[in-house]
Amino acid sequence: MIKKKIEEAFNKQINEEIYSFYLYLSMAAWFDSIALKGFSMWMKIQAQEEMFHAMKFYNHILERGGNVELAKIAEPKAKWETPLNVYEESLTHERHITGCIDNLMNLILGEKDHAGQSLAQWFVDEQVEEEANFSEIVDKLKMIGDHNPLLLMQDKEMGQRQPGLNPFFNTGTE
Ligand SMILES: [Fe+2]
Ligand SMILES: [Fe+2]
């Protein structure tokens, strides 16, 4: 049985992950609006991955006899200046999520919740990867600057990203 305190913290993290889904979907829509279809595809897949994260917490809460309680999702912004601007904000957002996961882990360690610790550790590792991925794209976009032919080449590369597992019907790792 999951402790109330931990159930609440996990429900809060579901909200953070679904907000991430919402933010990246909004970024995808902005990329679509300026015909950068590859960047849009990349962001849609990123959004899908965030829903997968939310569902990992959802499944964990239910498996341990807890209740999933969904709260209001904040409205994401809808317009950005440049692709670089989008990725810089995403990186800042991922760093915020890393902070949330670290706090979650501190709570879990304090409560000696071993099942929760295993889940939280998966997210600790995932955040290292997330920050590295966004950071690499920020660096590339800085190199590209305002050189449109290079930006279009990068758009093509971004469009190569492959979709992940269906977040609602898979519980494996991603
Ligand atoms: Fe996430
Ligand atoms: Fe993320």
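Along the sequence shown, residues are numbered consecutively beginning with 1. Predicted model, so just to flag it, every value in this text is computed and none were measured. All values below come from the heavy atoms of this structure, side chains included, with hydrogens, waters and symmetry mates left out.
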Centroid-to-centroid, Trp42 to Tyr87, below 6.0 Å? yes
Heavy-atom donor-acceptor pair, [X] side chain to [Y] backbone, under 3.5 Å:
| X | Y | answer |
| --- | --- | --- |
| Thr98 | Glu94 | yes |
| Gln162 | Gln160 | yes |
| Thr92 | Glu88 | yes |
| Asp155 | Gly38 | yes |

Side chain to side chain contact (heavy atoms under 4.5 Å, CB included) assessment of Val128 paired with Asp125: CA-CA 5 Å; Val128 172; Asp125 298 339; 5.6 Å; no
Name all pairs fulfilling the salt bridge (Lys or Arg N to Asp or Glu O under 4.0 Å) condition that reach into residues 64-84, sequence neighbours left out, sorted by first residue then second. Arg64-Asp113, Lys77-Glu89
Without hydrogens or angle criteria, can the side chains of [X] and [Y] be said to hold a donor-acceptor pair below 3.5 Å?
| X | Y | answer |
| --- | --- | --- |
| Glu16 | His96 | yes |
| His93 | Ser20 | yes |
| Gln46 | Glu50 | yes |
| Gln117 | Gln121 | no |

Supply the atom-to-atom distance [X] [atom1] to [Y] [atom2], rounded to the nearest 0.5 angstrom.
| X | Y | atom1 | atom2 | result |
| --- | --- | --- | --- | --- |
| Gln13 | Asn103 | CD | CG | 9.5 Å |
| Thr82 | Leu151 | OG1 | CG | 9.5 Å |
| Ser26 | Leu23 | OG | CG | 7.0 Å |

Kindly indicate, with the supporting measurements, whether the criterion ring-ring contact (aromatic ring centres under 6.0 Å, His included) is fulfilled by Trp122 and His53. CA-CA 10 Å; Trp122 186 89; His53 294 167; 5.6 Å; yes
Enumerate, atom names and distances included, each donor-acceptor pair closer than 3.5 Å involving a side-chain atom of residues 2-10, sequence neighbours excluded.
unit_1: Lys3; atom_1: NZ; unit_2: Glu111; atom_2: O; d: 3.3
unit_1: Lys3; atom_1: NZ; unit_2: Glu111; atom_2: OE1; d: 2.9
unit_1: Lys4; atom_1: NZ; unit_2: Glu7; atom_2: OE2; d: 2.8
unit_1: Lys5; atom_1: NZ; unit_2: Glu111; atom_2: OE2; d: 2.8
unit_1: Glu7; atom_1: OE1; unit_2: Asn67; atom_2: N; d: 3.0

